[in-house]
Enquirer: 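Sharing a structure with you now.
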Amino acid sequence: MKGTNLGEFEEIVLLTIAALLNEAYSVAICDEIERVTERQVKLSVVHAVLNRLDKKGFVKSHLGEPTQARGGRRKRFFTVTHAGKVVLTKVKEQRDQLWSVIPEFNLKFI
Amino acid sequence: MSKKSIHPPRWAERLLEWYCRPELLEDLQGDLYEYFDRNIENKGEKRARLNYAIDVIKFFKPYTVKKLEILDQLTQFIMFKNYFKTSVRSIARNKLFSAINVIGLSISMSVCLLVISIISETLSYDKFHSGYDRIHRVITEYQFLREDPSHFASTSLLAGQRIQEEVPGIEASVIFASNYGKDIQIGDKVYPVSGRYASEGFFDVFSFNLLQGNPETALKEPNSIVITDETAKRLFAESNPMGKTLLTKSGDQYIVTGIVEKPPHQSHFTFQSLISYATYKAKQNETPEENYWILWSNIWSNYVYVKLQESTLPEQIDSRLQAISDEENEASDRVKITTSLQPLSNIMMRSDLSNNIGKSIGSEVLWVMAGLTFIVILSAGFNYTNLSIARSLRRAKEVGVRKVVGATRSHIFSQFIVEAIIISISALILAFFLLQLIKPQFLSLLPEFADSFLLKTETSLVLYFIVFAIVIGVMAGAFPAIFLSKLNAANALKNAGSTRLFSKVNFRKVLLVIQFTLSLAFIISASIGYKQYKYALAFDLGFKTENVLNVRVQGNDVEMLENAFSQIPEVTEIAKSTLVVSTGSTYGSNFKYEDPMDSTTLYYNGVDENYIPLMKHELLAGINFEGEAPKEENEIILNEEALRRFNIGTPQEALDKYVEVNDDKMRIIGVVRDFHYGKIEDKVEAFGFRHYSAQYYIMNLKVRSTDLPSTMNKIENAWNQVDDVHPFDAEFYDERIEKAYSNFSVLFYIVGFLAFITISIATMGLLGMSVYTAETRLKEISIRKVLGATEGSLVKLLARSFMWLLCIAAFIAIPLSYFVFDSIILTDMANRISIGIVELLSGVILIFIIGFITIGSQTWKAAKANPAQTLRSE
């Protein structure tokens, strides 16, 4: 098993899954990330990340009902596991902690 | 749904299905399809398809790729040790069955190995020449009027010369003009040396290893001779013969211009020496009025080989040869002579050419051998299949357990294949030793075999053997393996021990019937072949061959030999003749009667006045020749068939009439009763005795002796006084005839041997089957016995089904072999045996007896067993 720390893109994907609630499947995740971050996202990259998250135990997946739109194939829906939620919260806390100690003037240069 | 007609590229979909893990496949397919749909709308069909394909390739990543297949192979590999162990254990546990399998397979394999060696050796002929696939021989088709054309390996010198001069696309060519035997005189010793006249292209066409001398010029000048290292050693011992002059007894001189390594065994022709073609030409040109040697029709003793340029197709040369032939044939109204190319690799394979320069095996022989051995190996393979299926009952439980633990069909399949291969490899090891035993036996069957084959064991051959053994193992093991791997785990475990699992397997019976049909067919063939052979030897040829010793004259003076032989008291009569008749060789000349347009071939023997009485030919009319053969031949003695051919009338009427032989008028002075001058399978045709002293090649000695070895010694001594160069070469007439019919005896030996093998194999199979049946039905037998069945009735019960199978086999085999011999093999023979009941039934009875003993002994054992013993343990 790989380490449990979260990469930047992994975090985005995980957050997107959480945000999409029950509609989180690969293509939708792709679209959502593209919409929010306005950057080109490759399906294959998302797939690989989903696979990695799955291995780390942050997401779990189940197959939905077959639909016409996908040539009769079922979608694989992802949901964030408890471990996933924990790690997301942890990341957020770490960031908040860092934000809280930044003096205000430092940000003016940006 | 208009998009429905648009599909992602089929191959990409397949690729994805092939590599993708099943748990990811559906999702991935769906995703890609969704993108594909979008792309069609945004970017058009072409781009969409392209993107789809690219994506499929991009998704080929470690986490998407199936691991199962590799894993599976790994399991097989790991399990191999286990398979090997269980196989060895199972083989060791069933010693009888394993022994039957290994011995049967190894016996038949040894025959197959022999045939494989023969075939691979035949194929290896002439491959040592560089660019052997571009070397061709010019062969000739000779057609007289509308008769069937005959084919010759030889061709005319004219054809060779015209090819050299006119035909483009040829890299090199060589002409062989007739062969010679020269007696080389060195000091006071004389050495006979044979060879051929060869033109200077010899070393360009062939890659014989020239040890000394210049390949370009060695055969260029007249009177140059190239000798083999072997001949050089014989003539000069250790001193270097290069540049020395060889003097023949007849006064010719040749300068040694090259030493060539002795032609390897794998050359279809061989030689002791080569004299330049220029020598031959010069000699022929000494008598310019005689131009027969260069005529288009002189196709009898010359050979032409060409090496084509790499860009030239043989067909191109063939069409040029055809054109040349057409042109030359215009001059002749009766004879059509057509030349064509024969590839070097075809020479050993084609034995129907007359005047062959050297060895030739003939592909038919190879095919027949391969076919017969295939039957033998089939029989042994059937044994394995049969016994394995029979025994598979006991393995069913093992298969069940394996399947429950997680073995797939392919695992079970490979397990049993491994087992079969282990059996076949161990059989191979045994077969290899058997091969060493049968090899010398085979080579001594026919002198031709010993000439053509060395049958050395080479590494590549061993490799073939191993491949062969594995193939046999896979083939023999395939059916049981499929059968066992199909078993349902639950059934196998629940019903293990019940025969119901295998009740449908009639296959076994079919195999048994085939085996015995083949064995019967072999044994019937062998007895028919033997009868025909005996018949041929005992055949009344129409003259007496007892105690006649035929001595080859070998170019000596016949008078001197006659004087020498007549000193020996045991030699009672001496005659001279051209050839030994009735042994397959013939001499023929052109034969006419009154009609100048009607001609035929007169087969003849040139004889002296003593020949006809010595051989006890029966003169129907007229008289024998008298006195010495005259210079101008003018008398002839014909056979009855010759009279019939031209309607000359009765023997009495024919006397003093004239016939024309080779355009010479000859008076018929006598008529002999028809006799078989050819082999007995040929019809008797027109034949004549000519009083013709120019062709005395054989001395026929009538020997009357009580002490044959000492008489032979005396005759040989007499020979050595006349000729101390050539070894004495003599043979009794009966022995010569036996040799002439050796094809029958060889057929008998080979088929008899194969019959023996197939019978033993089939019997072993039968033994295995009856042991098995007796074992599995032991309890049933015991219960029957307890209830009052007699031992005899039990034997009958068990043996009945097997005897039925034998009967069926006999019903198939007898008519089949009768038909094959009666209407295919023996039809060509003018004098043949009739196939009788004895030949057909003797083998059948033999097999029935063997079969009954085999089955009977086993069932008797089972029937005798004490029922209390077998029933106690339940």
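Lettering follows sequence order; numbering is per chain, from 1.
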Enquirer: More than 12 heavy atoms of other residues, nucleotides or ligands under 6.0 Å from CG of B/Asn42: yes or no?
Expert: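 More than 12 within 6.0 Å, yes.
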Enquirer: Please list every donor-acceptor pair under 3.5 Å in which a side-chain atom of residues 477-486 of chain B meets a protein atom from a residue at least two apart or in another chain.
Expert:
residue	atom	partner	partner atom	Å
B/Ser485	OG	B/Ala481	O	3.0
B/Ser485	OG	B/Ile482	O	3.0

Enquirer: Just checking A/His82: does its NE2 atom have more than 12 heavy atoms from other residues, nucleotides or ligands closer to it than 6.0 angstrom?
Expert: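 No.
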Enquirer: Which pairs with one or both residues in residues 78-89 of chain A pass salt bridge (charged side-chain N to carboxylate O under 4.0 Å, His left out), sequence neighbours excluded?
Expert: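 Passing the test, one end in residues 78-89 of chain A: no pairs.
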Enquirer: Distance check, rounded to the nearest 0.5 Å: B/Arg38 atom CZ versus A/Asp31 atom CG?
Expert: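 With rounding to 0.5 Å, CZ (B/Arg38) is 4.0 Å from CG (A/Asp31).
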Enquirer: For residues 32-39 of chain A, give me every residue with a non-hydrogen atom less than 4.5 Å from any non-hydrogen atom of chain B.
Expert: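 Listed by number: none.
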Enquirer: Measure the spacing between CZ of A/Arg73 and CG of B/Leu25 and express it to the nearest 0.5 Å.
Expert: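 Spacing of CZ (A/Arg73) from CG (B/Leu25) equals 8.0 Å.
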Enquirer: Between A/Lys75, A/Arg76, A/His47, which is the residue that forms a side chain to side chain contact (heavy atoms under 4.5 Å, CB included) with B/Asp31?
Expert: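 Only one option passes, and that is A/His47.
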Enquirer: Counting only non-hydrogen atoms closer than 4.5 Å, does B/Tyr35 touch chain A with its backbone (N, CA, C, O), its side chain (CB onward), both, or neither?
Expert: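 The side chain, not the backbone.
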Enquirer: Take a 6.0 Å sphere around CZ of B/Phe468 and say whether it holds more than 12 heavy atoms from other residues, nucleotides or ligands.
Expert: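 Check passes, neighbour count above 12.
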Enquirer: For chain A, find its close neighbours in residues 45-57 of chain B: heavy-atom separation under 4.5 Å, sorted by number, or none.
Expert: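 Those residues of residues 45-57 of chain B which would need a heavy atom under 4.5 Å from chain A do not exist here.
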